[in-house]
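Read the numbers this way: they start at 1 and go in the same order the structure lists the ligands and their atoms.
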Amino acid sequence: MRIYDIIIKKREGDELTDSEIEYFVNGFTNDQIPDYQISALLMCIYFNGLNMRETVSLTKAMMNSGEIMDLSAIKGIITDKHSTGGVGDTTTIILAPLLASCGVPVAKMSGRGLGHTGGTIDKMESIEGFKTNLSKDEFVENVNKYKIALAGQTGKIAPADKKIYALRDVTATVDQVSLIASSIMSKKLAAGSDAILLDVKFGSGAFMKTQEEAFELAKIMVDIGNDMGRHTKALITNMDEPLGSSVGNALEVREAIRVLRGESGGALLSLSIHLAAEMMIMAKEAEDTKSAMKRLTESIDTRKAYDKFVEFVFAQGGNTDMIKNPELLPVGKYKYEVRSSIEGHVNKIDASMIGQAALIVGAGRENKESKIDPGVGLILHKRVGDHVDKDEILAEIYFNDKSRLDDAVKKVFDAIKISNAKISAGKLILGQVSKDGIERF
Ligand code: URA
Ligand code: CA
């Protein structure tokens with residue numbers, strides 16, 4: 001087999017066989033095929049696409065390039081959730097203890113944030129002492145004992161995807177639906193859960209800009225998962241404006257604490273409950289959405305979910321005083337209030353630009369080596385549809401480095417559109433995709 005022939009085949013729009021796909025994935029992972037040939041092949045795939053069989057085959061080859069987690073020592077059905085990027089999306093930190101408090105096991109492996117979207121591991125590490133490098137035994141033991149554990153995804157999971165993604169990132173071949181689907185699913189399948197719930201987002205802050213693209217991506221991922229014997233479902237959700245009001249690591253942990261204590265509601269709570277309800281059903285711990293949502297809501301109202309969060313932080317070595325008194329969590333030294341120059345209604349809050357503003361003050365990574373600043377970020381005071389007076393606060397920016405403020409303020413102003421037109425926020429959950437097909441709500 002020669003990589004040159006595989007490139008020609010895809011250039012001409014022909015189908016690759018399973019063994020050709022395995023050949024290029026393994027050859028590239030083992031450094032036997034150079035970057036430039038895989039770059040050329042990726043560009044052919046970008047233009048000519050992959051059919052479903054090729055996409056499943058690519059997923060399998062990348063999944064099998066590294067370690068496959070065996071979570072069979074954990075009691076119960078393990079469900080995993082994956083969101084396809086988001087801003088102010090703290091759902092994992094809310095739904096994990098929420099599910100655990102209802103007796104549903106949560107064995108969560110998470111990544112770090114890159115670019116304008118935050119990672120759960122980075123957020124949780126803003127809690128002093130919180131340990132995410134659990135050994136396999138500690139991880140399994142904690143889930144069996146507390147029903148919850150969170151660990152950072154190691155480099156041993158799907159190394160082929162890591163290498164291929166790095167190449168896609170610099171060759172303008174990231175946004176191809178089969179490549180995105182196989183990339184995400186190779187890691188999720190290798191992570192060893194029994195069932196997978198996907199939160200596929202669309203809008204300004206997401207990979208997929210339109211609803212239709214999100215349904216298409218979801219359908220492919222759901223088909224891959226079910227094809228490979230894993231119960232997989234997706235919800236299609238709106239990421240036009242940030243989900244919660246806080247963007248930035250410790251600020252998002254604070255917001256999650258407020259939601260878990262029942263002190264904050266809105267889209268963040270609503271989506272967390274919906275996703276958790278689906279996971280509860282997939283774990284066979286509830287019969288239907290209505291009864292699942294009732295139990296989850298009760299768990300928040302009775303503070304069971306919050307108590308579970310405190311226990312979870314304790315179990316992983318974190319300082320629980322920071323949860324009981326969230327003002328002890330890190331916060332930027334300085335605060336700047338962004339105020340509206342006009343009166344009107346909020347028409348748009350561009351999630352991607354808000355994410356970038358948080359990145360500018362140091363909440364995210366510009367590249368893999370950058371260090372994040374846990375206390376910085378911003379808090380939005382308004383949502384789409386809200387009325388604003390002239391000089392009213394739109395957002396607060398928390399920062400440590402004064403030289404970065406002007407750029408961040410400019411981004412926030414660019415992100416928020418205010419006019420006389422009364423506009424209401426779009427629907428939060430647009431539909432679902434399961435092995436039975438697409439259902440629009
Ligand atoms: N996230 C991934 O892990 N892979 C992609 O290709 C896109 C988003
Ligand atoms: Ca099990």
Distance-only N or O hit between ligand 1 and Ser183, under 3.5 Å: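 Min N/O separation from ligand 1 is below 3.5 Å for Ser183.
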
Exam field: side chain Asp70 to backbone Ser72, donor-acceptor pair closer than 3.5 Å: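 A pair under 3.5 Å: yes.
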
For [atom], what's the nearest protein heavy-atom neighbour? Residue, atom name and distance, please.
atom: atom 8 (C) of ligand 1; answer: Phe207 CE1, 3.3 Å
atom: atom 3 (O) of ligand 1; answer: Lys187 NZ, 2.5 Å
atom: atom 1 (N) of ligand 1; answer: Ile184 CG1, 3.7 Å

salt_bridge(Lys411, Asp407) N-O dist < 4.0 Å: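 No salt bridge links Lys411 with Asp407.
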
Pairwise distance CG(Asn347) to OG(Ser424) - rounded to 0.5 angstrom: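 The CG atom of Asn347 sits 10.5 Å away from the OG atom of Ser424.
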
Rounded distance [0.5 Å steps], NZ in Lys188 versus CD1 in Ile196: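 Lys188 atom NZ to Ile196 atom CD1 measures 7.5 Å (nearest 0.5 Å).
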
